[in-house]
Amino acid sequence: MRERNAGKCLLLLLCLNVASSVAIAAAPPTCPADIGSDCGGDSGEWDGEFFPGIPKIKYEGPSSKNPLSFKWYNAEEEILGKKMKDWMRFSVAFWHTFRGTGADPFGAPTKLWPWEDGTNSLAIAKRRLRANFEFLEKLGVERWCFHDRDIAPEGKTLEETNANLDEVVALAKKLQGNKIRLLWGTAQLFLHPRYMHGAATSPELSVYAYAAAQVKKAMEVTHYLGGENYVFWGGREGYQSLLNTDMERELDHMARFMEAAVAYKKKIGFKGILLIEPKPQEPTKHQYDWDAATSANFLRKYGLIGDFKLNIECNHATLAGHSCHHELETARINGLLGNIDANTGDPQIGWDTDQFLMDVAEATLVMQSVIKNGGLAPGGFNFDAKLRRESTDVDDLFIAHIAGMDTLARGLRNAAKLIEDGSLNDLVKKRYSSFDTEFGAAIEAGKADFELLEKKALEWGEPKVPSGKQELAEMIFQSTL
């Protein structure tokens, strides 16, 4: 009896083993995205998984303790008549997310993702691109941004460089499909030694021409990929010393460069928005697009105000001595708010740290401006932010973006509550109520000259100035957080 039972057990184990073998053979192979795998070879045509074990990120609500879930960002939920995803239009920045190494001015790189081999070959460029699109799909983000030199390696000649870019962009077009969109593209005109004196503002004519050729190509591929915007960030368009700089001539040259960009945009039929990204300094001592107001003045002076909008980066606002809210409002009231680079700085660190925005109060102020602007489309929120040097796990890429998205979603919810409550709006309206009178309206219409104003001042006597109620405004604001 015991022998018969043992035989049955042996037969059962054999059957289970066969069934297991069949199941394994029938299951699609999952190949890890590390450089030592046999998933693709040198062609870059690789179909493995870059983020194994990480599922598609879902909304689980504020009570969830799962770090790989959204607590506040619910893409399809409507806020003030618009879906959250349409208010946000989130985008992943390729350069920080897939080219960030953790290096800083005082330290070597700390990150080498499993799919990297330490080179910048075309094969690795294609691997990074595939990782990018898997990341977007799992994160549930429908847009991405890139610099030309981030996605494709520079060759020995401009022709070779353009060919490399064409090859990678062809793959990007395929991977985008019908769901993913390019929020914006741009040319990297600051890293290569040729741009040490600037690009459009370089005193060397051949550099100016090379930069124009690079922007021409970057605009073409942005157009080819269906880009909704094109960005100009003049990292080295400025000066280190006025002793050896003709500022007026450099500004004139930059304006001519922008005019040529507008003309070429129209020639190729690119319908996207051209964006200028203000920054005060770093790497140059003084950049010509210092802040939103300076950039607006440049556009007006050279007759470009109707051809460009601004891409406001919160960390750049801090470096300029402003709040992000100030820069957004300056851009908005000038009709120039086009896109937001969602990041922040550290008040105890003096450089552009590009941290993910985690401050709910700041996010609420940001979303106030976005709501007043009626949204950002065709712009959006680009996460021009990077992991901290000490964050080296692959899942940190997801956690950082989830936290950033949740923070802005909380900001949107809070800003909506402020609008629906109306108390803060009523406080502001009351402060300016004297201008809601007939005479106030005449002033705002430009129909009150100094003689008339003097007559009224003599008639009314010493003004009675009411309280500004700043603490009450802050109380109302804080109550929504």
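Remember, it's a predicted structure, so these values are computed and weren't measured experimentally. Every heavy atom of this structure was used, including side-chain atoms; hydrogens, water molecules and symmetry mates were not.
- Of the possible polar contacts, one joining the N343 side chain to the D384 backbone as a donor-acceptor pair under 3.5 Å is found.
- A cation-pi arrangement is present between R194 and Y210, with the terminal nitrogen or guanidinium carbon under 6.0 Å from the aromatic centre and inside a 45° cone about the axis.
- Paired with E228 under the rule salt bridge (Lys or Arg N to Asp or Glu O under 4.0 Å), one option of R89, K271, K309 passes, and it is R89.
- Aromatic ring centres of F133 and W144: separated by under 6.0 Å.
- Listed for the K138 side chain is a donor-acceptor partner under 3.5 Å among the backbone atoms of I54.
- The pair E60-K65 does not count as a salt bridge, with every side-chain nitrogen at least 4.0 angstrom from each carboxylate oxygen.
- Here the two rings, on Y230 and F270, have centers that are 6.0 Å apart or farther.
- The pair E116-R128 counts as a salt bridge, with a side-chain nitrogen and a carboxylate oxygen less than 4.0 angstrom apart.
- Put simply, the side chain of K217 never gets that close to the backbone of L158: no donor and acceptor are under 3.5 Å apart.
- Counting all heavy atoms, side chain and backbone alike, G155 lies closest to N164 at N-ND2, 4.0 Å.
- Distance alone, capped at 3.5 Å, places no donor-acceptor pair between the E277 side chain and the I312 backbone.
- The aromatic rings of W95 and H147 lie perpendicular to each other, with more than 60° between the two planes, well past the 30° mark.
- With respect to E78 and K83, no salt bridge is recorded, no charged nitrogen being found less than 4.0 Å from a carboxylate O.
- Panel note: side chain R413, backbone W72; a donor-acceptor pair is recorded below 3.5 Å.
- With K174 contributing its side chain and G177 its backbone, the two residues share no donor-acceptor pair below 3.5 Å.
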Tell me, with the steps shown, if L171 and R130 meet side-chain contact (heavy atoms from CB on, under 4.5 Å).
CA-CA 9 Å; L171 177 60; R130 290 183 181 278; 3.7 Å; yes
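- Ring-centre distance between F383 and H401: below the 6.0 Å cut-off.
- Considering only heavy atoms from C-beta on, M88 comes within 4.5 Å of L408 through its side chain.
- A donor-acceptor pair under 3.5 Å is formed between the side chain of E327 and the backbone N or O of A292.
- Between H192 and Y195, the ring planes lie perpendicular to each other; the angle is over 60°, past the 30° to 60° tilted range.
- Taking 4.0 Å as the cut-off between side-chain N and carboxylate O, E259 and R256 count as a salt-bridged pair.
- Counted within 6.0 Å of CZ on R388, heavy atoms from surrounding residues, nucleotides or ligands total more than 12; the atom is thus considered enclosed.
- When side chains are defined from C-beta on, W184 does not count as touching T222, because their heavy atoms never get closer than 4.5 Å.
- Side-chain atoms of N311 never come within 3.5 Å of backbone atoms of I276 as a donor-acceptor pair (strictly under, hydrogens ignored).
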Would you check, one step at a time, whether the test side-chain contact (heavy atoms from CB on, under 4.5 Å) holds for I476 with L418?
CA-CA 8 Å; I476 294 169; L418 281 170; 4.1 Å; yes
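- Scanning all heavy atoms of the two residues, the minimum distance from S64 to N66 falls at OG-N, 3.1 Å.
- Listed for the D354 side chain is no donor-acceptor partner under 3.5 Å among the backbone atoms of K386.
- Aromatic ring centres of F135 and F398: separated by under 6.0 Å.
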Determine whether L328 and I340 satisfy the following criterion, side-chain contact (heavy atoms from CB on, under 4.5 Å), listing intermediate values before the conclusion.
CA-CA 8 Å; L328 293 174; I340 298 174; 3.7 Å; yes
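- Close placement of the F50 and W115 rings is indicated, their centers lying within 6.0 Å of each other.
- Heavy-atom neighbours of K266 NZ from other residues, nucleotides or ligands within 6.0 Å: at or below the threshold of 12.
- When H197, E250, Q240 are each tested for a side chain to side chain contact (heavy atoms under 4.5 Å, CB included) with T245, only one passes: E250.
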